[in-house]
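Here is the structure we will look at.
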Amino acid sequence: MTENFPLEPLLDKVFLFASARGEVACAEKFDGCFFTVPGSSGPRWIVPRSPEWGYPVLSCWRPYRLFSRVKWFGVLTCYRRGLLAGLPGVQRLPQKMPLISVPGIGDEFVPVIYVGTPGSQQKAIVTLVDGFSCLPRAVLKIALGDGAVSSIFREAQVLKYLAEKGVGAVPELLWHDEKAECTCQSLVVGRLSGRKLRANHVDWLLRLPRTNKGITPEEFRSDLAVTSTWTDEFSPAEFLRLQRLIDTFQFDTPIPAVLVHGDFAPWNLKRQHNGEIAAFDWEDARIKGLPLHDLSHFFLIQGCLFGIKYPYEAMRGNLLVRNYLSAFGLDLALLKPLFLHYLVTRISGQAGDCSDLYRSYLMRQLKLLVAQ
């Protein structure tokens, strides 16, 4: 077992959903034997020995870096051929895992577990694979870190709101259990989205519900007021240019407000059979957000991970971004203030948690924007 990550708290929570039935139809194939596949900070996956249930889940996960993709292909090949145990770092769980019982759905599901990065927001994503058809059916989100408890329940409220508004191509909240600190939602089907922004991404964003009241100029400036305390982050000349840039943003009327996903990135999006986009992982969503927030995140989070120096230039020259603004009745001149609003609210934590790595990247982007 990987020493720097105790699996017991996670396994204890999974065992809360152990099937109460004794002999089950898939018991002849399911022996309860599981392996842990390591990540950079401990176990990343906990998968059944038989690839019959685990492979359909793991094959849908696609790293975006070329080296990681090649490495992952090797893991999948070994798993499918029954050779997973021979890979470096892979270990067998000392205890047997149970079949999972899910209220209102059934009690013969094989769990396939993805373990999030350690920290206050850490959670486990348990994909429930039907013991008979071997098809993934639903997802349990189990909070492991203190911060993850509020995140997964905030997502539950957003999923309820989306259902009320009739927004499709999102998970359905099946139930949430505050005592067990977990939620259960339907599985979004499809293949992970590509990295390039396409028309189906923009079409999906434009279908998100808008609020009756827009973001007033006062609210916009209030969100940016935090920059007045960032004197240690900038040289005196940079700080002066930042404040002058903010002062140039003048709006006579409110900006349309729209629900934002908050983590609109290729790994949280799937392309369905009809070509349309579906989105999951709504933990950073906000019902009253600004247009361009999700598109800014789409470009910037990839810029951080793939070493893109200045994504703002790519956004400014992108016809789909212009079409998106036009659909809200917004002029291209608003691209810069809306982009800056994303940077400031994300750096300051107003728009969701921000890792140290991403915050540093966003701060560099802010300085480049100010220097223009």
Side-chain angles (χ1 to χ4, degrees), residues 10-19 34 37 39 43-48 52-62 97-117 121-145 148-163 167-193 261-272 277-285:
L10 166 59
L11 298 180
D12 287 345
K13 290 190 175 186
V14 173
F15 270 82
L16 290 175
F17 300 95
S19 175
F34 278 69
V37 180
R44 180 64 70 202
W45 290 92
I46 303 174
V47 299
E52 188 173 5
W53 295 286
Y55 187 83
V57 178
L58 270 63
S59 62
C60 292
W61 194 69
R62 184 182 66 187
M97 290 282 288
L99 290 169
I100 297 297
S101 174
V102 183
I105 304 178
D107 56 4
E108 293 186 6
F109 293 101
V110 178
V112 179
I113 306 172
Y114 175 84
V115 184
T117 304
Q121 290 292 330
Q122 187 182 33
K123 58 184 176 292
I125 309 298
V126 183
T127 302
L128 304 173
V129 182
D130 189 281
F132 306 101
S133 68
C134 301
L135 295 176
R137 287 275 306 279
V139 172
L140 288 175
K141 286 195 173 185
I142 301 178
L144 300 178
V149 177
S150 58
S151 293
I152 65 173
F153 288 125
R154 182 168 59 247
E155 179 186 40
Q157 296 305 313
V158 171
L159 293 180
K160 289 180 182 179
Y161 177 79
L162 291 169
V167 178
V170 298
E172 175 190 358
L173 179 68
L174 303 176
W175 49 261
H176 66 273
D177 188 328
E178 294 188 15
K179 184 177 180 181
E181 298 180 341
C182 76
T183 63
C184 184
Q185 54 189 250
S186 64
L187 185 78
V188 172
V189 297
R191 298 184 65 85
L192 285 178
S193 165
H261 179 277
D263 195 6
F264 192 76
W267 40 90
N268 291 329
L269 308 171
K270 287 186 177 181
R271 186 177 182 273
Q272 299 181 301
I277 291 295
F280 51 99
D281 278 353
W282 289 81
E283 295 169 21
D284 289 332

Of the non-hydrogen atoms in Phe153 and Cys182, which two are nearest, and what is the gap between them? CE2-O, 3.9 Å
How close do Leu16 and Ala180 get, heavy atom to heavy atom, and via which atoms? CD1-CB, 4.4 Å
How long is the span from the OG1 atom in Thr183 to the CD1 atom in Ile152, to the nearest 0.5 Å? 5.0 Å
Minimum heavy-atom distance between Ala124 and Leu10, given as atom pair plus value: CB-CD1, 3.4 Å
Mind checking whether Trp61 and Tyr114 have parallel, tilted or perpendicular rings, split at 30° and 60°? tilted
Nearest 0.5 Å, please: how far is CZ in Arg44 from OG1 in Thr117? 4.5 Å
Which donor-acceptor pairs under 3.5 Å do the side chains of residues 126-140 make with protein atoms, sequence neighbours left out?
unit_1	atom_1	unit_2	atom_2	d
Asp130	OD1	Phe132	N	2.7
Asp130	OD1	Ser133	N	2.9
Asp130	OD2	Arg137	NH1	3.3
Ser133	OG	Leu135	N	3.3

Whether Arg62 side chain and Trp267 backbone form a donor-acceptor pair below 3.5 Å: no
Sub-3.5 Å donor-acceptor pair from the side chain of Arg191 to the main-chain atoms of Gln272, do we have one? no
Which donor-acceptor pairs under 3.5 Å do side chains of residues 168-175 form with protein atoms, sequence neighbours excluded?
unit_1	atom_1	unit_2	atom_2	d
Trp175	NE1	Pro103	O	3.4

Report yes or no: do Ser151 and Gln121 form a side-chain donor-acceptor pair below 3.5 Å? yes
Kindly indicate whether the side chain of Cys60, heavy atoms from C-beta on, has any atom under 4.5 Å from the side chain of Leu192. no
Which atom names give the shortest non-hydrogen contact between Pro111 and Met97, and what distance separates them? CG-CE, 4.0 Å
Taking the side chain as C-beta and beyond, is there a heavy-atom pair between Val112 and Trp45 under 4.5 Å? yes
Could you give the distance from NE2 (His261) to CG (Leu269), rounded to the nearest 0.5 Å? 6.5 Å
Just by distance, do the side chain of Lys13 and the backbone of Ile142 share a donor-acceptor pair under 3.5 Å? no
Would Val110 and Phe34 count as a side chain to side chain contact (heavy atoms under 4.5 Å, CB included) here? Give the steps. CA-CA 11 Å; Val110 178; Phe34 278 69; 4.2 Å; yes
Here the gap from Ser150 atom OG to Glu181 atom CD, rounded to the nearest 0.5 Å, amounts to 10.5 Å
So which heavy atom on Leu11 is nearest to which on Ile46, and how close? CD2-CD1, 4.3 Å
Roughly how far apart are Cys184 SG and His176 NE2, rounded to 0.5 Å? 12.5 Å
Minimum heavy-atom separation for Ala279 and Val188, please, with both atom names. O-CG2, 4.3 Å
Can you tell me how far the CZ atom of Phe15 sits from the CD1 atom of Ile100, to the nearest 0.5 Å? 8.5 Å
Test Asp281 against every option in Lys141, Lys270, Arg154 by the salt bridge (charged side-chain N to carboxylate O under 4.0 Å, His left out) rule and name the one that passes. Lys141
